[in-house]
Amino acid sequence: ADMQPTLSLANVESAYGPVKAIRGVSLRVMPGQIATVLGSNGAGKSTILKTISGIIDPQKGSIVFQGEEITARDPAWIVRRGLSHVPEGREVFPLLSVRDNLLMGAYTRRDRDAVARDMETVFGYFPILRERAAQDAGLLSGGQQQMLAISRAILAGPAMILLDEPSLGLSPRLTKEIFEIVVRINRERGTTILLVEQNANMALNVADHGYVLENGRIVMDDACDRLREKDDIKEFYLGMK
Ligand code: ATP
């Protein structure tokens, strides 16, 4: 049977003034999948996510989420449809408490019981956030802020999460811990995930399907276990030659 993708991009182009950042990107993420976009610094990975979540409007192309056109819609509207974005650099509210940061993620939801359940779930994933719930988020370490940013996205009750470089600036140990939780979120909640990473090794470990982005274009895509075996991927992204 034909399954409908949760998210699909067709020929999406975005620019910053005269600078073309993505040049005709097409990709699909199937329900319950973890998909990843690999690419070096400046390849356009963050721009793909910002275009999906409505932060920047594409010049061309179409974005469909759960059967509905979301191209260039208002970011808050897109979150309400069930698509949450965890931006690069976390962007937590430093002067709000950890708990209030989490509640900001849930501000559009009416079902308080469901919000309370999700709050317990993220405290289960990241117990340190419960311990620090009353503290200002600005006092958290980088890794803890990443945990908070992911948790805040979950509090919006999304069907799908866009994750921008969760490993950025984190130790290998913390990176591993965060990725383990990302996999649990996917498996336990059925949340579809699009992960953007420079850490190709980690991303290929957790994802089902991978896209390789170079200079704003997808140059290769395949199942992650097949991508791992390709000489170009080993050489340029896994540093194995
Ligand atoms: P990184 O992980 O370093 O952010 P990336 O693959 O996510 O890399 P993007 O941030 O999407 O890359 O950037 C793609 C291109 O767009 C780069 O050439 C970058 O210099 C340019 N760019 C990104 N943001 C802006 C901006 N606000 N103004 C102008 N150019 C930008």
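All ligand and atom numbering here is 1-based and tracks the order in the structure. Computed from a predicted structure; not experimentally measured.
- The distance from ligand 1 to the heavy atoms of Ser40 drops below 4.0 Å at these ligand atoms: 6 (O).
- Interface of Ala21 with ligand 1, defined as ligand atoms under 4.0 Å from a residue heavy atom, comprises 14 (C), 15 (C), 16 (O).
- A salt bridge is defined here as a Lys NZ or Arg NE, NH1 or NH2 lying under 4.0 Å from an Asp or Glu carboxylate O, and Lys50 with Glu88 fails to meet this definition.
- Nearest to atom 8 (O) of ligand 1 among the protein's heavy atoms is Gly42 N, 2.8 Å.
- For the pair Gly44 and ligand 1, a heavy-atom separation below 4.0 Å is found.
- Near Thr47, with a cut-off below 4.0 Å to any heavy atom, the atoms of ligand 1 are 9 (P), 11 (O), 13 (O), 14 (C).
- Atoms OG and CG, from Ser40 and Asn215 in turn, are 7.5 Å apart once rounded to the nearest 0.5 Å.
- Ligand 1 has no N or O atom lying under 3.5 Å from any N or O atom of Val19, backbone or side chain.
- Glu180 and Lys176 are joined by a salt bridge, as a carboxylate oxygen and a charged side-chain nitrogen come within less than 4.0 angstrom of each other.
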Audit row: Glu120, Tyr125, side chain to side chain donor-acceptor pair (under 3.5 Å) steps and yes/no = CA-CA 9 Å; Glu120 278 308 304; Tyr125 289 146; over 6 Å; no

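- Electrostatic pairing of Arg80 and Asp74 does not count as a salt bridge here, judged by no charged N lying under 4.0 Å from a carboxylate O.
- Every atom of ligand 1 with a heavy atom of Lys45 under 4.0 Å away is listed here by number and element: 2 (O), 5 (P), 6 (O), 7 (O), 8 (O), 11 (O), 12 (O).
- For ligand 1, the atoms lying closer than 4.0 Å to a non-hydrogen atom of Glu165 are 2 (O).
- For atom 29 (C) of ligand 1, the closest non-hydrogen atom of the protein is Tyr16 CB, 3.3 Å.
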Step by step, work out the side chain to side chain donor-acceptor pair (under 3.5 Å) result for His209 and Asp221.
-> CA-CA 7 Å; His209 200 90; Asp221 85 274; 2.6 Å; yes

Please lay out, stage by stage, how Thr47 and Ser14 fare under the test side chain to side chain donor-acceptor pair (under 3.5 Å).
-> CA-CA 7 Å; Thr47 304; Ser14 295; over 6 Å; no

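- The proximity of Glu88 to ligand 1, defined as any non-hydrogen pair under 4.0 Å, is limited to the side chain.
- Distances from atom 20 (O) of ligand 1 to the protein include no heavy-atom value under 4.0 Å.
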